[in-house]
Amino acid sequence: MSATTAGQQHPIGIYLKVWLLLFVLSTFSYLVDFFHIEGYLRWTLILIFMFLKAGFIVAIFMHVAWERLALKYVLLLPLSAIAILIVLMAVEGDYTFLTRHLYFDR
Amino acid sequence: MIQTDKSSSYTTPGIPGLVSDWSADRQTFDVPWGKLMMWIFLLSDTFIFSIFLTGYMTVRLSATDPWPNPSEVFALEIAGHHLPLILIAIMTFALITSSGTMAMAVNFAYRGDRRKTAWLMAATALLGASFVGMQAFEWSKLIAEGVRPWGNPMGAAQFGSTFFMITGFHGLHVTAGVIYLSIVARKVARGHYEQKGYAIVEIAGLYWHFVDLVWVFIFAFFYLW
Amino acid sequence: MQHVAIADQPDHLHDPQTFITKYVYSQDHKVIAIQYGVTAIFVGLVALCLSAVMRLQLGFPNTFDFIDPSNYLQFVTMHGMIMVIYLLTALLLGGFGNYLIPLMVGARDMVFPFMNMLSYWAYLLSVIVLLASFFVPGGPTGAGWTLYPPQAILPGTPGYDWGIILMLSSLAIFIIAFTMGGLNYVTTVLQARTHGMTLMRMPLTIWGIFTATVLGLLAFPALLVSAIMMMLDKTLGTSFFMPALVSMGESLDYSGGSPVLFQHLFWFFGHPEVYIVALPAFGMVSDVLATHARKNIFGYRMMVWAIVGIGGLSFFVWAHHMYVSGMDPAFGFFFATTTLIIAVPTAIKVYNWVLTLYRGNIHLTVPMLFAIGFIFTFTHGGLTGLFLGNVVIDLPLSDTYFVVAHFHMVMGVSPIMVLFAALYHWYPLITGKMFNQRLGKIHFWFTFLGTYAIYLPMHYLGFLGVPRRYFAMGSTDFIPESAQSLNASITISALIVGLSQLLFLYNMVSSLRNGKPAGLNPWGATSLEWQTPHAPPRHGNWGPVVPTVYRWAYDYSVPGAELDFIPQNHPVSAAEQTAGDHGEGKS
Amino acid sequence: MKIVVVLILLVIGTLAFHWWSPWWMTPVASNWDNIDTTISITLYITAVVFVAVNLFLAWAIFRYRFDPSRRAHYEPENKKLEIWLTVITTVGVAAMLAPGLVVWADFVNVPENADEVEVVGAQWQWSFRLPGTDGVLGEVDSRYVDESNPFGMSPNDPAGNDDVLISSNELHLPIDRPVKLLLRSKDVLHDFAVPQFRVKMDLVPGMVTYVWLTPTRTGKFDILCMELCGVAHYTMRGYVVVDQQQDFDSWLAQQQTWSDIRAIPPGDPIAGEASFATCAACHGQQGEGNVAMNAPSLAVLPPWYIARQIAHFKQGIRGANEVDAFGRQMAPMANMLPDDSAVRNVTAYIETLQPRATNATILGDAQRGAAHYITCGSCHGAHAQGNYALQAPRLAGQDDWYLKRQLENFRLGIRGASKEDPYGHQMVLMARSLPNEQSVNDLLAYLNTL
Ligand code: HEA
Ligand code: HEA
Ligand code: CUA
Ligand SMILES: [Cu+2]
């Protein structure tokens, strides 16, 4: 097997750092709830922490940071379909709620 | 004109590298078959979980009954202190820890340190098992409080259904991972992969990190929303 | 690279010892392919018979007492589901995919033969579960192949308990089977090609199958998830898709679910699915056309990008099936636009097929005839798709026979044409025998003319406003009596076409015995599968050494070459070197 | 070369079929004629493409047929040509899409002055609700739905009291007034489709959808349900009647509001007993029925069903057809009940009568009958007990000879043919799925076992 595959050898240090970082981030996102932060701030924080954690796991632990661009794209491009789905379903969910709210006795 | 075997030349960086990889001879990615297969499988699995969560989002947005507040539902009384989401937090840490040990395992595997690898994988599996255990506790607690897939005393029926479905499906993945890891760990310990090479450990690792990754999103969207 | 090295040495393959391991638990991609194919064609024939029964009712209503409104709906549902999933998806990917991928990319087998075998057995299981639903109390589900809740799981719809449960289980098993196979196909194409086989030298068949498989791996999750949710709604009483409602006069304790959500998830799978069916057909027909017109496929690169583009776009158009579903009407603008954009890459493909024939040297063999039939019917069906895609036109036409006509023309006829073209084209390779050309031609004329006679008039039933999934039209003020005669004629052609398939089956079976040996490369084709040392290829495909590829798959009638075709594994001659870029642009 | 000729003939044939076939869309009766325009635009563009592509195909096959002395032309690609084709196609697509989107914009934006009318779908019938004098539709919810409140009107919303509830399947609309139809389903998906109006939309349980339109032509138009909603999907019909304003107003004046309906007193069995004496002459003291008089058992029938049939006899919807001798006997009898309260009383009395066991007069294969009954059961109930929600009467315990005659009448359209009798029409369609006497006998043999 050629270098990179047999490899994915990286200094232990970086794993430990990321590991620590993940703990910190998780603690933060937990504290967001603990201190009852509400509204937009809550959401921005939650999402930031979430994406950071996800990013580190994928990039470092799953070695994507060191993979070839070819693989990166294969993994990321398809998610655009999911993105569209999520956005449209959010709109759809609100629309459904709206009609229920307007016409039903709840 | 006769394409020479490019497989040794995955060096060009950036977009040109992307092009040369895709136009490479024999194989597109410089990775073992099993690893690529695992990646594609995980991509497919990502779609599964994304769609689970999208479904959850949609029913939650369109539900007219009030949505129970997770931070209260999942709170625990510990030593007289009322701690919201505490168990979930612990589970999260358990899973992250396991991810760390797994990453180490992969690292040592490529360094050819069989004993460390095997032990770290065993630790990972153990942490995974404990996660499942806590999940089971969580479930029984909720069931005791009258939460059912078809309804619950606190509000929208979808709360129970989505909770049991999503955490259940994730739990299955963890359980499968625990079994998978134990098997591989055992084989590693026995030096089963000495000549085959240790890519298998990285592949198992990919799967395990993915399970952790999914939990990150479940944690944010289900428990913190 | 040691994993490629494995593929290079035949002895690393699990060579079959006994009859059992050779034909039953075989891990040879060719045997698995044939198992897939035979099973798929068998269920296909079941679905064909169901369609005949449906047509009898529609053509001659109130004459047969073995068809009543309940089992009519059950037949419609099973017919649709079997045809789309268990016949076409399985036959095109599990059958042709399995057989052709390793041969065409010059591999010895799929990368994970054992998983490949499991894939087939899981598929067989899913078929058995599906057919079992005919024998459970209440019979199979009659909810339509779209399985829309709430009705799919409520009384008033046939098979609303056992039928639907078995259907959902069968689909879940099928998805597992497909995933095991699909991972194989994708990895094989990407990682296990032979020396010199760059992606841009692969035959379009592989491109079609490959892209379709990727679509499948990303689209089936949506079906799996919605199946799981509906299963929970049915068995545990959860309310994912079930709002508070009153069924048969008693109000059930569902509440708050969203039926439209199911439709979104189903079509997020459903639309890519129709291209899963279409893309392999696109690929295979391209190779058939090139081979029998003795001409290189026109605009190979554009064809590849068109396949990939269509595949990608197909994830952004799903709600064109939902214009009248009560979803947020604003979506109409987005989906109408994306839907019609797909027409452009598809159009390019149609043009390039025709331009491949242009200035060719056309042998009107049986496969070629079917290929031509495909171009004609697909163009027709695609164009009617543009009506439906254009959101306001869908308002009057949705849920009428126009839709039925559209998708039969484009899915029930054109890919079937390719199916036959492919079966005839590769029959000599698979069996080593040549089929009976005259019978083949007769079969073509019946199928081509017959199906057009079925579906052209059907569009006009749609324009009249005849709704689909109607057991009988009854009387209305706006549909003239004469529409019934139209229905009758459709039925008659359908029956004739259906029967004429026996010609095909007879031809396939009898030629096994009586067909004369086909020899190694009867069509003078360039792609690798025809360059094997034995016909049919043996286990391991290539004898001692795997072939090396020097050129793209379409070097037909190359100026200056002594033959009118140059196989991919022929080194490039000095003459060509000077002549310059020979499809090397394609690598 | 056959194929060349055939391709050309098919192209010509397709065009010919299009021009000369009598089968085309029914004339539009709403403001949506611009949909027809969009269709013709698309039709012309696609027709051109269809003819061009296929004629070129045919020519190419002919011109470049196999010839051993010739070799195919070697041309991997031709950038210029391909780009041109792409551009032309894009233009064509745009030309089709643009008008479509414009019309869709109208469809999405409902005019402010549109009157609201609610269309309620349920397996397998239509009903309608108009906002009444206050112009507001009261709130509803499925948990309120029952026999006395089929629309699920909310008791908490006073706006509902003056709502006009139309339980028949016939809706009247005034001409040239834009109307926004609010679509609501009580059980499963349905689809409100009137081909003459062009627009259609699904009814989705758990939410309210809409279409809007302006009727431009008076007349009576079929409503078809165009979303699969179960076995009787194909029988789910109704009518929209487009009236001149004054006709509409007089129709509206006859309809009952929610408060009117609640004001109706229940029937009085005591008073009913008196008038039942007449009926007893044929139907028997206990309403047990009498084969000699061809009078069916009444004791098994639910009051709402008897009331509807009496009304039908009175209005000549049933028993008017000269072939229906026994029905013609019943018609004058029904007229002896002067008004609705008389009818309510007598039905109330009949409800107190105890059904008697009937004896089978018809032989058949109950086994095969059971198979046929699966379909019937989805309305009349697994035990033929009948179901108000589906307006399906009890069949169990009814005399088989009577049921057989009625099935025959339905099949031949002697009964249920009238547009005023929606449920009868459903039975016409259903009865026809039992094409021969044997299947009817089998069915009745099974019913006798229930
Ligand atoms: C192989 C399967 C297949 C394929 C390829 C297609 C292709 C297309 N389909 Fe179809 N479709 C189905 C299978 C398929 N469909 C099925 C199964 C259903 C019904 C499901 C159900 O409800 O049961 C359906 C239903 C369906 C609907 C929903 C109708 C309704 O329910 O109301 C719509 C609406 O947009 C649609 C649109 C299209 C379009 C725009 C294309 C396009 O991709 C077509 C593109 C092709 C061409 C356009 C022809 C080639 C082009 C040219 C020759 C040049 C054209 C030039 C110009 C236009 C200038 N299809
Ligand atoms: C590939 C898909 C496919 C195919 C091939 C067919 C083939 C046929 N279909 Fe079907 N059909 C569907 C997919 C298909 N159908 C779907 C998805 C629906 C919607 C279901 C729903 O509404 O839920 C439907 C619904 C449908 C209806 C509408 C019913 C209704 O709405 O009430 C009708 C009515 O005429 C019909 C008729 C036919 C006929 C006469 C044939 C054929 O007999 C026409 C002639 C074609 C052939 C003869 C080729 C047959 C070849 C094979 C089947 C291959 C296997 C056999 C061999 C290899 C020998 N089909
Ligand atoms: Cu209601 Cu179909
Ligand atoms: Cu589609």
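Letters A, B, ... mirror the listed sequences (proteins, then strands); counts begin at 1. Only a predicted model underlies this, so the values are computations on that prediction, with no experimental measurement involved.
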Output a table of donor-acceptor pairs, distance under 3.5 Å, between side-chain atoms of residues 194-208 of chain D and any protein atom two or more places apart or on a different chain; print 'none' if there are none.
residue: D/R198; atom: NE; partner: D/D36; partner atom: OD1; Å: 2.8
residue: D/R198; atom: NE; partner: D/D36; partner atom: OD2; Å: 3.4
residue: D/R198; atom: NH1; partner: D/T26; partner atom: O; Å: 3.0
residue: D/R198; atom: NH1; partner: D/P195; partner atom: O; Å: 2.9
residue: D/R198; atom: NH2; partner: D/T26; partner atom: O; Å: 2.6
residue: D/R198; atom: NH2; partner: D/D36; partner atom: OD2; Å: 3.0
residue: D/K200; atom: NZ; partner: C/L395; partner atom: O; Å: 2.8
residue: D/K200; atom: NZ; partner: C/P396; partner atom: O; Å: 2.9
residue: D/K200; atom: NZ; partner: C/S398; partner atom: O; Å: 2.8

query: Does the ring centre of D/F107 sit less than 6.0 Å away from the ring centre of C/Y323?
result: no
- prompt: Picking from C/A143, C/G156, C/G465, C/G326, which has the most non-hydrogen pairs under 4.5 angstrom with chain D?
  reply: C/G156
query: Which bit of C/P149 comes within less than 4.5 Å of chain D, counting heavy atoms only: side chain, backbone, both or neither?
result: backbone
task: May I ask you to check whether C/Y351 and D/T86 show a side-chain donor-acceptor distance below 3.5 Å?
output: no
query: Which of parallel (below 30°), tilted (30 to 60°) and perpendicular (above 60°) describes D/F56 and C/Y358?
result: tilted
- prompt: D/T14 and C/Y452: side-chain donor and acceptor closer than 3.5 Å?
  reply: yes
task: Measure up the D/Y74 and C/W552 rings against each other and bin them: parallel (under 30°), tilted (30 to 60°), perpendicular (over 60°).
output: perpendicular
field: Contact class of C/L383 relative to chain D, heavy atoms under 4.5 angstrom
entry: both
message: Could you check whether any side-chain heavy atom of D/H233 comes within less than 4.5 Å of a side-chain heavy atom of C/F471, counting everything from C-beta outward?
response: no
task: Give me the ring orientation class for D/F17 and C/Y460: parallel if the planes are under 30° apart, tilted from 30 to 60°, perpendicular past 60°.
output: perpendicular
- prompt: With no hydrogens and no angle check, is any side-chain donor or acceptor of C/N390 less than 3.5 Å from a backbone partner on D/M96?
  reply: yes
field: D/S142 versus C/S251, side-chain donor and acceptor atoms under 3.5 Å
entry: no
message: For a side chain to side chain contact (heavy atoms under 4.5 Å, CB included) check, start with the C-alpha distance between C/L355 and D/L81, then their side-chain angles and the critical distance, and finish with the verdict.
response: CA-CA 10 Å; C/L355 288 171; D/L81 178 60; 3.7 Å; yes
- prompt: With a 4.5 angstrom heavy-atom cut-off, which part of C/T339 approaches chain D: side chain, backbone, both or neither?
  reply: neither
message: At a heavy-atom distance under 4.5 Å, which candidate from C/V246, C/T157, C/L369, C/V354 has the highest pair count against chain D?
response: C/V246
query: Is the backbone N or O of D/E75 less than 3.5 Å from a side-chain atom of C/N296, with the two atoms forming a donor-acceptor pair by type?
result: yes
message: Looking at C/D477 and D/F221, would you say the former's side chain and the latter's main chain have a donor-acceptor pair under 3.5 Å?
response: no
- prompt: Is there a donor-acceptor pair closer than 3.5 Å between any side-chain N or O of D/W104 and the backbone N or O of C/P329?
  reply: yes
query: Do D/R432 and C/D68 sit within salt-bridge range, that is, some charged N less than 4.0 Å from a carboxylate O?
result: no
- prompt: Which of the residues C/G138, C/S325, C/G474 is involved in the greatest number of heavy-atom pairs with chain D at under 4.5 angstrom?
  reply: C/S325
message: For the interface with chain D, which of C/G332, C/S258, C/G249, C/G257 has the highest count of heavy-atom pairs at distances below 4.5 Å?
response: C/G332
query: Would a distance-only check, ignoring hydrogens and angles, find a side-chain to backbone donor-acceptor pair under 3.5 Å from D/E77 to C/F298?
result: no
statement: Counting heavy-atom pairs under 4.5 angstrom with chain D, the leader among C/L154, C/T379, C/T63 is C/T63
